[in-house]
Enquirer: 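Pasting in a structure now, in structure tokens, and then I'll have a few things to ask.
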There are 2 protein chains.
Amino acid sequence: MPDRPTSRDVARLAGVSRTTVSLVLNNVPDVHISPETRQRVLEAARQLNYYPDVSARRLVSGKTSTIALVWHRGPDRTYRDGFLPGLLQGVTRAARQYGYYVLFRPIEPDEPDDAWVELARGRHTDGLILSGPRSDDTALLDLHREGFPLVLHGQLPGTDIPSVDVDNESGAMTAVRHLLALGHRRIGMVTNAPLAYTASRQRLEGYRRALEEAGVPYDEALVRYGNFDEESGRQAMEALLALAEQPTAVFVASDMVAIGALRALREHGLRVPEDVAVVGFDDIATSRYLTPALTTVHVPAFGLGWSAAELLIRIIEGDTPNETQVRLETELVVRESCGAR
Amino acid sequence: MPDRPTSRDVARLAGVSRTTVSLVLNNVPDVHISPETRQRVLEAARQLNYYPDVSARRLVSGKTSTIALVWHRGPDRTYRDGFLPGLLQGVTRAARQYGYYVLFRPIEPDEPDDAWVELARGRHTDGLILSGPRSDDTALLDLHREGFPLVLHGQLPGTDIPSVDVDNESGAMTAVRHLLALGHRRIGMVTNAPLAYTASRQRLEGYRRALEEAGVPYDEALVRYGNFDEESGRQAMEALLALAEQPTAVFVASDMVAIGALRALREHGLRVPEDVAVVGFDDIATSRYLTPALTTVHVPAFGLGWSAAELLIRIIEGDTPNETQVRLETELVVRESCGAR
DNA sequence: ACGTGTTACTGACACGTGTTAGTATACACC
DNA sequence: GGTGTATACTAACACGTGTCAGTAACACGT
């Protein structure tokens, strides 16, 4: 393995100083280099197959041109795994557009929650996107206070840390409005997760407001709580079916949980959508292939990734955006399970 | 934003030289530091919340402690997207275990195929995992010849570049053997992709060998070619159903393609598995939720990621493994579509 | 002849760390 | 009392780059 060429080698070959090499290769503006010299330097660099050492460049410039995506592995594994490719593609695409690299850093359950801080403190990256933030993370607040560029994917109530998320409440409203428009009045709900999760509370609130808007009284007996997975959906649906007055439609605020709900309905010999209509949330890849295909609320994974990265890079580059709390709209995807066709 | 503390600040506070700080914090062996001094240094570092600057460290040590996963976005988008989370988790887990970071670099269709070489040439990383390599990539061969650490995910016939892949042929054999054991003799096959792809050829070869082993003659009319997506599977199945003598079972070498095949069967009013048994390949997340649930060959995404990263890191650290062509075994997942239950 | 400005470059420093070679002291050994 | 050795540290260099201050040559107007 021959020694890597440095800018010194290029300078020697071109018969100029190292400074000139740097000026030419970086296309520094407002500096005069004769066309012949410029050409000689470029030719020498090409001939030696010279690539600048990014570590040295990082050290002297103080910029890493790298952002990191920190991925907390929580209990909602399945859903988030389906979400990752889109999000990551959005992040990397925006990063590339602005000339940044992307470091991917999952935090495994056996690691401390703040295992990611070294990325910031050790100058690994110029900024961080944190997916699935915890409010008890003091390191997070410290870094934000010190002005380190951060963007959250998901919400952290009570802070002004820039964040990107989907508009959960409006998404849930759209879903429930759709069921109301189809004539349903007795509409049950299964949440995606316990109410400790912000998204769960917001989706429930959307359900509530849609009912209110239509003049349908809110009935607590019709609300059950999912817990990310299929099994929790099955149990929640069982509970709703045990009611004296069964719902004619159910809004399940997570496709994964909805899969369990559909199974419970099938086990009870009930047809979807004829006997009970179902609408989900998330639009995971599987939903379109279910029988019946699941009507659901699409979450724009790519858009979230793109927005998060773009917002972060703006902050890094000192451009202070006037809106740092980005909420993307969802979209209702009508398939078979709601009975609209 | 106050200035970041450097090792010089720590040294000053602890009343020692910068060298001593480095020796203490890196726990350099075979060097004698008195317990009191050691304690003073650690205390000073803690007090200043000192983290070493990795760019400086990288520059002087010549090591980046980073590996990159290069992700070519090819035509098999859907399948590979489902594959990414597992692979990435495997890569990052192995990386963490050995103290490496992971840079994720997708190559978009509008980029040149060798857009990733700057990662190697510019000393961004100590080594690369390339997913979906192309054999016409001369930059790849150059780097390998120069001794740059590389591991391929997927195979590149005719080179000795270390690679990690699934044993496609044996996986296909297991699937077809299963159908043979269930009594089927007229077994069709739909490939996952055109035969230009190594994996397609290998899976077809597995089908062939399993038939041969059972004394069933190979009939070219029973073989059709998929092209990654659902629609190609539907068309291939249509063609098989148009045969005078229809198959009683079909091995579809891709779950995504199998979904299309199932749709064609449904459209023809045929029941699965009663009229036609189906076995897929890949075990994408959706397969278990199909109706009927798809029997398929599980591909260990996590294991592939883990193996690739571990192999790469071994190579980086100068440990020359005697086996550089890793082939992981698949596992048949029996569900409903094969009729074994 | 003189000052001014422009062009085309270069020398030297700085970034923050790891590491080698070296120094000063203390102590043991015959 | 000289030699050898272990202990506890430090001074100085190196990694490869970006950039600021400076310089030599030359043109130009008066």
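The chains referred to below are lettered A, B, ... by the order of the sequence lines, with proteins before strands, and numbering in each begins at 1.
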Enquirer: One thing to verify: whether D126(B) and K63(B) come together as a salt bridge, which I'm taking to mean a side-chain N less than 4.0 angstrom from a carboxylate O.
Expert: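 Between D126(B) and K63(B) there is a salt bridge, with a charged N closer than 4.0 Å to a carboxylate O.
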
Enquirer: Once you apply a heavy-atom cut-off of 4.0 Å, does I33(B) come out as touching a base, just sugar-phosphate, or nothing?
Expert: sugar-phosphate

Enquirer: Is V31(B) touching bases, backbone alone, or none of the nucleic acid, heavy atoms closer than 4.0 Å?
Expert: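 Nothing, no nucleic acid heavy atom in range.
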
Enquirer: Can you identify which nucleotide, out of dC13(C), dT17(C), dC9(D), has its nearest atom closest to the T37(B) side chain?
Expert: dC9(D)

Enquirer: Hey, is the side chain of T19(A) pairing donor to acceptor with the base of dT19(D) inside 3.5 Å?
Expert: yes

Enquirer: Any base atoms under 4.0 Å from S61(A), or only sugar-phosphate, or nothing? Heavy atoms, all strands.
Expert: nothing

Enquirer: May I ask you to test the L128(B)-F148(B) pair for a side-chain heavy-atom distance under 4.5 Å?
Expert: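 Side-chain contact under 4.5 Å: yes.
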
Enquirer: State which of dA11(D), dC9(C), dC20(D) makes the closest approach to the side chain of S17(B).
Expert: dA11(D)

Enquirer: Please work out if T20(B) contacts a base, only the sugar-phosphate, or nothing of the nucleic acid, heavy-atom cut-off 4.0 Å.
Expert: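 Touches a base.
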
Enquirer: When all nucleic acid strands are considered with a 4.0 Å heavy-atom cut-off, which category describes S22(A): base, sugar-phosphate, or nothing?
Expert: base

Enquirer: Heavy atoms under 4.0 Å, any strand shown: does R58(B) hit a base, just sugar-phosphate, or nothing?
Expert: nothing

Enquirer: Might you point out which heavy atoms bring T92(B) and P106(A) nearest each other, and give the distance in Å?
Expert: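 Here T92(B) and P106(A) meet closest at OG1-CG, 3.3 Å.
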
Enquirer: Could you tell me the Watson-Crick or G-U partner of dT17(D), where both distances fall under 3.5 Å? Say none if there is no partner.
Expert: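 Base-paired to dA14(C).
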
Enquirer: Can E36(B) and R40(B) be said to form a salt bridge (charged side-chain N to carboxylate O under 4.0 Å, His left out), step by step?
Expert: CA-CA 6 Å; E36(B) 304 88 54; R40(B) 267 212 323 285; over 6 Å; no

Enquirer: For the pair made of CG in L59(B) and C1' in dT19(C), what is the distance, rounded to whole Å?
Expert: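 Taking atom C1' of dT19(C) as the reference, CG of L59(B) is at 14 Å.
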
Enquirer: Would you mind classifying the nucleic acid contact of S55(B) as base, sugar-phosphate or nothing, using non-hydrogen atoms under 4.0 angstrom?
Expert: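 Counting heavy atoms under 4.0 Å across all strands, no contact is made by S55(B).
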
Enquirer: Any idea which of dG16(C), dT7(D), dT10(D) is nearest the L23(B) side chain?
Expert: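 Of dG16(C), dT7(D), dT10(D), dT10(D) is nearest to the side chain of L23(B).
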
Enquirer: Without decimals, in angstroms, what is the distance between R18(B) CZ and dT10(D) P?
Expert: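 Between P of dT10(D) and CZ of R18(B): 12 Å.
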
Enquirer: Identify whether any heavy atom of V16(B) sits under 4.0 Å from a base atom; if not, whether one sits that close to sugar-phosphate; answer base, sugar-phosphate or nothing.
Expert: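 Sugar-phosphate, backbone atoms only, no base.
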
Enquirer: Does dT7(D) have OP1 or OP2 sitting under 4.0 Å from an N or O in the side chain of S34(B)?
Expert: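 No, no such contact exists.
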
Enquirer: Check this for me, if you would: do R73(A) and D81(A) make a salt bridge, where the nitrogen-to-carboxylate-oxygen distance has to be below 4.0 angstrom?
Expert: yes

Enquirer: Scan every strand shown for a Watson-Crick or G-U wobble partner of dA11(D), both distances under 3.5 Å, and answer none if you come up empty.
Expert: dT20(C)

Enquirer: So, OP1 or OP2 of dG16(D): does either fall under 4.0 Å of a side-chain N or O from Y50(A)?
Expert: no

Enquirer: Of the listed nucleotides (dA8(D), dC20(D), dG16(D)), which one gets closest to any side-chain atom of V60(A)?
Expert: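 Closest nucleotide to the V60(A) side chain: dG16(D).
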
